[in-house]
Participant: 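Here you go, one structure.
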Amino acid sequence: SFDIRFLMTYMKPFYVNYGYCYLSFILEYLCGIKCKAFVSPSTYHFLEEYKRCKDPGSIIISMNHRCRSDWMMIWLVLVRLELIQYLIIIARKLLRFVPFIGWVFCWVGVFLERNWSIDRSILLDMIKVLGSRMVEPRCVWLFFTEGTDLWHVAIAKSNAYADKHNLPHFKYVLHPRTQGLVQIVHESNENLYGVLDATIAYIDYAPHERFNEFYLALGRYPKAVYFYFEFVTIDDMVRHYRDKSVLDGSSAFVPLSQRQKFVQTLDGDHEGTQSEEQIEVLDNAIAQWLKQSFQRKEQRLTQWYEHGRWLEDEPHKIEYQAVPRSSYAIALAIFAVHVVAFIWVWNNMRWYVWLSFVIHTFFALHDTAGKMYRSYRPWVERMEKENKNKNKNKKMN
């Protein structure tokens, strides 16, 4: 148990913070991509509380997936929000095989096949272990609920789904897949702090040019990327579902100490278990909120791409204008030290470089890090059960 806690509590935040800050610096200063980040007022207070709390748990970022590079752009904004060190990206398996970057992501990412029968156990075991307070007090999951990026085949499938279920056609987002988010919420349980609903939009290098790896190699970077965040609690989703109302925007800020957990919202028994009917209410509430969220994203992005108006539907918003220059400076200093060390190793121990290349490639091919993390699930469940029993005994005494 010491190994994984030491890795996730001390080593991961340092190396992830350094690595992502350095990559964010490259995108912002070398590639010239400007970043504009906006949050609703209540979301600002939620995020400030999250950074101050001792062990607040996990946040799930639900974001639209316009292009395959969206997971890179999130670095720019999370550096500004001071959440970059907690990021864990849920992405396709292919990313694991990218040299250097993929090797690092093997230790700080979850990789899926896009086949739910295969992905279910992988995803839920990783959520259970890495999202547990017993392993790491804070964790930010980036999850693309659409399942794929906005390309013509996916748009056609989304429209076919809309026709089948009597839903409107979307142009700038896809109809989301609700099952993944529902299962993540269930697996997170009381370790979940809330859901951060993110909308991403671009000013492209050329009109209607969707950024991808090919344009990255050609140096055709987007001119700017815009983000808008709204924080939503699970109990708000359930309450609006029961009231048959629309949760239009962020939850009102309520301190964590006064906020209900969704197991309490569902009137579970003293052991925290729910009936099938209560679980169905939760599932439907999350699915309803997610669908409404993407309807708002479609309206917002239509205004942006067709009329050049950003967040016209939000009269009150806060912009994170500060550029994290101190974080960039530290990341560059560490990078310089690593470059000097690499040159020395290359000149004196070149065999070590090639051995590291082989080992990291082997780990990536066989998902060694993921298998190690998932093997800790029984330990996490046992420790959480013991911790819950201790808290229960304290309350009785």
Side-chain angles (χ1 to χ4, degrees), residues 1-33 68-69 71-76 78-79 82-89 91-111 126 129-130 135-136 139 142 213-214 216-219 221 323-376:
S1 59
F2 172 80
D3 294 340
I4 192 170
R5 282 187 286 188
F6 179 81
L7 175 67
M8 303 307 293
T9 305
Y10 299 104
M11 294 186 66
K12 173 186 170 287
F14 173 77
Y15 282 104
V16 167
N17 190 34
Y18 146 68
Y20 286 151
C21 281
Y22 173 69
L23 293 170
S24 178
F25 174 86
I26 292 176
L27 293 176
E28 187 161 0
Y29 286 96
L30 300 187
C31 300
I33 303 174
R68 291 192 296 269
S69 61
W71 55 272
M72 298 167 57
M73 301 304 157
I74 200 70
W75 304 333
L76 291 166
L78 290 189
V79 167
E82 299 177 348
L83 296 173
I84 192 67
Q85 63 269 37
Y86 311 123
L87 176 63
I88 296 180
I89 299 174
R92 294 184 63 178
K93 176 183 176 182
L94 184 64
L95 185 60
R96 200 171 74 211
F97 305 115
V98 178
F100 302 108
I101 292 180
W103 298 343
V104 176
F105 282 176
C106 284
W107 297 93
V108 292
V110 180
F111 299 98
M126 294 291 278
V129 174
L130 299 185
V135 174
E136 188 176 13
C139 182
L142 175 62
E213 300 87 348
F214 178 70
L216 176 66
L218 293 179
Y221 312 117
V323 177
R325 292 188 177 88
S326 59
S327 298
Y328 286 161
I330 295 172
L332 289 174
I334 296 174
F335 177 74
V337 172
H338 284 180
V339 168
V340 172
F342 177 81
I343 293 174
W344 184 89
V345 171
W346 181 260
N347 291 331
N348 296 276
M349 301 172 61
R350 193 168 301 181
W351 60 268
Y352 179 79
V353 176
W354 293 114
L355 179 62
S356 298
F357 186 92
V358 172
I359 291 175
H360 284 297
T361 302
F362 177 84
F363 281 3
L365 290 173
H366 294 277
D367 191 23
T368 303
K371 291 176 181 177
M372 182 195 73
Y373 289 147
R374 295 192 291 274
S375 69
Y376 277 89

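Because the structure is predicted, anything quoted here is derived from the model rather than measured.
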Participant: Parallel under 30°, tilted from 30 to 60°, perpendicular over 60°: which one fits the rings of Trp354 and Trp346?
Facilitator: tilted
Participant: How many angstroms lie between atom CG of Leu78 and atom CG of Leu142, to the nearest 0.5 angstrom?
Facilitator: 8.0 Å
Participant: Would you compute the distance between atom OH of Tyr86 and atom CG of Asn17 and round it to the nearest 0.5 angstrom?
Facilitator: 9.0 Å
Participant: After noting the C-alpha distance and the side-chain angles of Leu94 and Phe111, does the key distance pass the side chain to side chain contact (heavy atoms under 4.5 Å, CB included) rule?
Facilitator: CA-CA 8 Å; Leu94 184 64; Phe111 299 98; over 6 Å; no
Participant: With no hydrogens and no angle check, is any side-chain donor or acceptor of Tyr373 less than 3.5 Å from a backbone partner on Trp107?
Facilitator: yes
Participant: With no hydrogens and no angle check, is any side-chain donor or acceptor of Arg374 less than 3.5 Å from a backbone partner on Met126?
Facilitator: no
Participant: Provide the closest heavy-atom pair for Ala331 versus Tyr22 in the form atom of the first, atom of the second, distance.
Facilitator: CB-N, 3.8 Å
Participant: If you round to the nearest 0.5 Å, how far is CD of Glu28 from CG of Leu76?
Facilitator: 6.0 Å
Participant: Would you please indicate if the ring centroids of Tyr18 and His338 are separated by under 6.0 Å?
Facilitator: yes
Participant: Phe105 vs Tyr20 aromatic rings, parallel, tilted or perpendicular, using cut-offs 30° and 60°?
Facilitator: tilted
Participant: Using 30° and 60° as the class limits, which term best fits the ring planes of His366 and Phe362: parallel, tilted or perpendicular?
Facilitator: tilted
Participant: Heavy-atom distance under 4.5 Å between the side chains of Leu216 and Tyr221, does that happen here?
Facilitator: yes
